[in-house]
There are 2 protein chains.
Amino acid sequence: MGAVHGSHAILAEPDTVDEVLDMIRASGGRATTSRRVLLEVLFGGSGHRTAEDLGREVAARAPEVHISTVYRNLDELERMGVVTHAHMGHGPVIYQLASRAHPHLICERCGTRIHAPDELFGHLTRTALRSFGFAVDPRHLAISGVCSQCADR
Amino acid sequence: MGAVHGSHAILAEPDTVDEVLDMIRASGGRATTSRRVLLEVLFGGSGHRTAEDLGREVAARAPEVHISTVYRNLDELERMGVVTHAHMGHGPVIYQLASRAHPHLICERCGTRIHAPDELFGHLTRTALRSFGFAVDPRHLAISGVCSQCADR
DNA sequence: GTACCTGCAAATCTTTTGCACGACA
DNA sequence: TGTCGTGCAAAAGATTTGCAGGTAC
């Protein structure tokens with residue numbers, strides 16, 4: 001399994017579909033088709049996908065899987081620490097593998113998303129902790145603003 | 001009218017209900033009861049209210065005003081620059097007078113909201129602009145994290 | 001008088017939940 | 001075999017929209 005980050009309460013960061021299925025079995029859960037396919041989709045594709053996106057990709061391989069099952073499985077994977085969700089402002093939540101999560105800058109005009117490094121938030125994180133005792137999680141909510149292209153107009 | 005902030009594209013920052021109604025009339029709009037009462041509620045109360053909250057307070061004074069009218073009027077006030085909305089993560093959007101807007105830190109465990117000064121974001125804002133050409137708006141999306149009380153548990 | 005605004009109902013979009021059936025360990 | 005998971009339908013919560021009638025200017 002991958003390294004566990006020091007500062008985040010990540011329970012586990014498995015690197016493969018089978019490792020996650022083993023974790024599920026180990027805690028009394030079952031390795032079903034819908035879970036296997038969802039994990040394949042998550043490990044196989046890019047980040048930034050909504051539940052609807054993931055549901056569509058899962059259904060392409062296993063047509064009987066219902067969107068409500070996708071939501072339930074995403075919830076469980078999130079409880080296990082394998083998946084995280086993030087709010088981008090308007091529009092639905094996006095889901096990613098926890099091991100690939102990172103902060104986002106999102107343009108409030110055109111919706112463009114920029115991947116930001118955690119370091120961008122270092123100063124804010126330290127200051128918020130010192131001033132308010134508040135431990136910033138820069139990945140859970142995007143940072144809103146205006147991208148350079150929109151600013152030029 | 002109040003001073004206009006330098007760095008934000010704020011169209012106007014009126015200080016009273018009547019000033020806003022004058023602005024509405026000046027642009028061909030009408031000073032209706034639902035608009036007057038909504039403005040009274042906005043100027044009278046604290047920030048951080050959802051459309052539902054505002055609708056309830058408006059209805060207390062003018063029972064016939066429908067929630068859809070509140071949404072429509074909030075949208076128009078936002079286009080005028082009088083009101084802004086902000087996303088707090090889970091849950092509905094909150095609305096405030098633009099002149100009273102400020103950044104928020106929101107605890108992802110208990111939901112506690114902390115008012116933050118704009119200066120907290122100075123370093124992030126400068127760095128994001130330099131690195132990505134991205135002009136951060138720290139007020140439009142809250143910053144997620146864990147408050148000191150929840151961290152102690 | 002006429003454009004603008006409103007109430008109401010219904011639609012939309014995202015997510016959650018209840019329930020009875022089906023399948024993994 | 002018994003529990004856990006699933007599909008389906010329906011509900012829930014937030015917001016938007018179409019329309020016909022009402023009102024400010």
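We use all heavy atoms of the structure for the numbers below, so side chains are in, but hydrogens, waters and symmetry mates are not. Each chain gets a letter, A, B and so on, in the order its sequence line appears, and its residues count up from 1. Computed from a predicted structure; not experimentally measured.
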* Pairing of Asp75(B) and Arg72(B) as salt bridge, 4.0 angstrom limit -> no
* Under 4.0 Å between any heavy atoms, over every strand shown, what does Glu64(B) touch: base, sugar-phosphate, or nothing? Just pick one. => sugar-phosphate
* **Whole angstrom value for the distance that separates C1' of dT6(C) from CZ of Arg36(B)** => 17 Å
* Can you find a side-chain donor-acceptor pair between His115(B) and His48(B) that sits under 3.5 Å? -> yes
* Asked: Got a sec, which residues hit side-chain contact (heavy atoms from CB on, under 4.5 Å) with Pro92(A), two or more places apart in sequence or on another chain?
  -> Thr50(A)
* Structure fact -> Outermost contacting nts on DNA chain D, any atom under 4.0 Å from chain A heavy atoms, listed 5' then 3', are dG2(D) to dC8(D)
* Structure fact -> To the nearest angstrom, the CG-C1' distance between Leu38(B) and dG7(C) comes to 16 Å
* Asked: Applying the 4.5 Å side-chain criterion to the ILVMFWY set and letting contacts propagate, would Val65(B) and Tyr95(B) be lumped into a single cluster?
  -> yes
* Asked: Arg109(B) versus Gln149(B): any side-chain heavy-atom pair under 4.5 Å?
  -> no
* Spacing between Asp75(A) atom CG and dT14(C) atom C1', to the nearest angstrom -> 13 Å
* **Closest-nucleotide ordering on DNA chain D, the 5'-leading residue of Ala31(B) and Glu52(B)** => Glu52(B)
* To do: Find the distance Leu54(A):CG to dT14(C):C1' and express it as a whole number of Å.
  => 14 Å
* Close side-chain approach of Ile106(B) and Thr112(B), heavy atoms under 4.5 Å -> no
* Asked: With a 4.0 Å cut-off on heavy atoms, is Gly29(B) in touch with a base, just the backbone sugar-phosphate, or nothing at all?
  -> sugar-phosphate
* **Glu52(B) side chain near Arg56(B) side chain, heavy-atom distance below 4.5 Å** => yes
* Asked: Rounded to whole angstroms, how far apart are CD1 on Ile67(A) and P on dT14(C)?
  -> 10 Å
Can you check nucleotides 17-23 of chain C for protein contacts, nitrogen or oxygen pairs under 3.5 Å, and list what you find?
| unit_1 | atom_1 | unit_2 | atom_2 | d |
| --- | --- | --- | --- | --- |
| dG18(C) | O6 | Arg72(A) | NH1 | 3.3 |

* To do: Please tell me which of the listed nucleotides, dT6(C), dT15(C), dC24(C), lies nearest to the side chain of Ser34(B)?
  => dT6(C)
* Structure fact -> Heavy-atom nearest nucleotide on DNA chain D taken for Val70(A) and for Thr50(B); more 5' hit belongs to Val70(A)
* Nearest-nucleotide 5' precedence on DNA chain C, Pro92(A) against Thr33(A) -> Pro92(A)
* With ring centroids as reference points, do His87(B) and His87(A) lie under 6.0 angstrom apart? -> no
* Between dT16(C) (C1') and Arg79(A) (CZ): distance, integer Å -> 13 Å
* So do Asp118(B) and His102(B) actually touch side chain to side chain, heavy atoms under 4.5 Å? -> no
